[in-house]
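Letters A, B, ... are given to chains in the order of the sequence lines, protein chains preceding strands, and every chain is numbered from 1.
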Protein chains: 2
Amino acid sequence: MKNKRITIKDVAKHAGVSISTVSRFMSNPDSVSEKLGEKIQKTIEKLNYHPNRIARSLRTGTTKLIGFLIPDITNPAFLLIVKGAEDYLKKRGYSFILGGANHSVKEETKLFKTLISQNVDGFIFIPSGNQNDELAEFLKLHNLKMVFVDRRYEEINAPYIGVDNTGGVEKMVDYLVRTGCKSFVYLCGEKTSSARERLEGFLKGVSKNRIKDYQILQGEFTFESGYNLVKKLENIPDAILGGNDLMAFGAIEALKEKGLSIPEDVSVTGFDDMFFSKYYKPALTTVRQPIYEMGKMAGRVLFTILSGKKIRKMNYILDTEIIIRDSSK
Amino acid sequence: MKNKRITIKDVAKHAGVSISTVSRFMSNPDSVSEKLGEKIQKTIEKLNYHPNRIARSLRTGTTKLIGFLIPDITNPAFLLIVKGAEDYLKKRGYSFILGGANHSVKEETKLFKTLISQNVDGFIFIPSGNQNDELAEFLKLHNLKMVFVDRRYEEINAPYIGVDNTGGVEKMVDYLVRTGCKSFVYLCGEKTSSARERLEGFLKGVSKNRIKDYQILQGEFTFESGYNLVKKLENIPDAILGGNDLMAFGAIEALKEKGLSIPEDVSVTGFDDMFFSKYYKPALTTVRQPIYEMGKMAGRVLFTILSGKKIRKMNYILDTEIIIRDSSK
DNA sequence: TTGTAAGCGTTATCAT
DNA sequence: ATGATAACGCTTACAA
């Protein structure tokens, strides 16, 4: 059963040429005479030869491996980003080592080092939070080929691909004001750059529209958090904006339990436009992010870096879109 | 900026020993005298030396990389399996290269070869369908270290970790009969081993309970498919069993549009117990699979194989659990 | 155009 | 207990 591996040597011997000719043929077929080229090609096929990536990597210093670090491997939104990047980069010969940090800054640091020890050529990184001092220090030291997607460390000098969180929420406030809402509650997610940007959008929105009657509730990006926050809310406003769709769903459930109807009594909106949001009762009005495109762009930017070219800018901010459904007037 | 990589040579030179001593110290500290061991350890720390995995791989023939091939990178259920396996194997020094086949048999074959060319030590595989003859042929030829999870090719001789699909649906039929249902419709998913096993469970269930009034509708594992199938259903039965939760949701929507109430007019059940199923209106009665545990078991079995030990059995079938919520009487 | 040989950073075999 | 050295499979000067 000992299936001896076929190497470039075997091909060379069978084709009656030297191994360098075979190697040269593979990287640039034109650099070999037509006659030998054909013979080599035939031999490669006959022996079913596949070059050993490891040996090649050792020699060239490149592995064609990309490390992709995300907060939670189980969240479809993150994986849609991964998919975008993968679709772009796999065409170019790269594979992905994926790591999920379970939202833990400690695991994140560890995973990062593991990926590095696997000699990945580059990194795509969605941070779990923005408090990872150890990792930030490490990044400053190492100067890796890396891009941030969706979230970032502001103090690290690496390209960032994200969406216009601020503008998205601001647009939503505008829309709600137009439909007649006068009092607002904003459900803010935990400390990440996007949570902060969304909050900023809310603030801009209320200020621009001269809304004085608003409240900001601090929570987490989960169903339960949205539910709990709204459950203990005393004065129900005209509109509740969830920091993401999950929080909005939680808010909706809490409101239902209070006997309120949506959108008659209160408009509820989200941010993300998850797969389920259109099927929810009521179907959720929300801010859609071009998640897949974000990933694709991240792949593109990283590829540019890996190719040794200069990138045009450090921040790639994609636009959002307001999706109006039944949870708002 | 040319950060020259620190190699075993540097450590040897600084510590005043030969490289073989350093190497030996790393793989087995006791094989080196205490005095030298300490000196080497100090030097390693001082220089912040990390062995080059690529070089090691070339020499030892092992990469500590696992290939994980799934039908759809965007489906949280598959990723929960991945997570289970990852949690088990990352403790043991393995990283994952993840590939999503987009439910395409063609992409699947290609990805498989890509992963092999990355010299992964082992494979965990959730097939996209069971029609991939080319891949099956390839697998027979290559005799890789691999396990199937969730779905399998019956003709390939590799361990399989799955759930008792048959028993799960059978239990559900029993339960529905007990609540008084007399006529049934089963919404069957596309051709995979688990779809077949679930259908078998339905058939066993109706036969055991002497139910004559039943119908099987062939579709796909999607919301839309469940919706369409039920939409054009003429005689509404007492119970509709979805091949998975998504199909059940689709069925529920179609029934609502027909003006029927659930569960008063008809009971609807699913299979999976997705994250959302408990929040759906009505909350879905379904068969829960221990998905995470499945992944963990897959990691365990693969690890056993990679360690060169014999495994006890070829099939690891985990139990399911009936979750009763509001979509059934 | 083709071949020879050095070298990538390890581990493992064999002396010492 | 320690050290030389070959070998893993490939790429790439350099020589022919």
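Counting non-hydrogen atoms under 4.0 angstrom, B/L36 reaches the backbone sugars and phosphates but no base.
Listed pair B/S23 / C/dT11 meets the phosphate criterion, a side-chain N or O lying under 4.0 Å from OP1 or OP2. The shortest distance between the side-chain N/O atoms of A/S18 and the OP1/OP2 oxygens of C/dG3 is below 4.0 Å. The side chain of B/S33 places an N or O atom within less than 4.0 Å of a non-bridging phosphate oxygen (OP1 or OP2) of D/dT2.
At whole-Å resolution of the value, CD1 in A/I8 and P in D/dT11 are 5 Å apart.
In the set D/dT2, C/dT11, D/dT12, the nucleotide with an atom closest to the side chain of B/V32 is D/dT2. Ranking C/dG9, D/dG3, C/dA5 by closeness to the B/V17 side chain, first place goes to D/dG3. Closest contact between the side chain of B/S20 and the listed nucleotides D/dT12, D/dT5, C/dT11 involves D/dT5. Listed candidates were D/dG9, C/dT10, D/dC10. Nearest to the side chain of A/P51 is D/dC10.
Side-chain contact between B/L79 and A/F78 is absent, with no heavy atoms from C-beta onward closer than 4.5 Å.
With B/L144 as reference, B/L139 is the one residue of B/D121, B/I305, B/L139 to meet the side chain to side chain contact (heavy atoms under 4.5 Å, CB included) rule.
Mapped onto DNA chain D by nearest heavy atom, A/R56 and B/L58 fall at different nucleotides, with B/L58 at the one closer to the 5' end. Of the residues near DNA chain C, B/Y49 and B/R24, the one whose nearest nucleotide (by heavy atom distance) lies more toward the 5' end is B/Y49.
Considering every non-hydrogen atom in both B/I81 and B/V149, the closest pair reads CG2-CG1, 3.8 Å.
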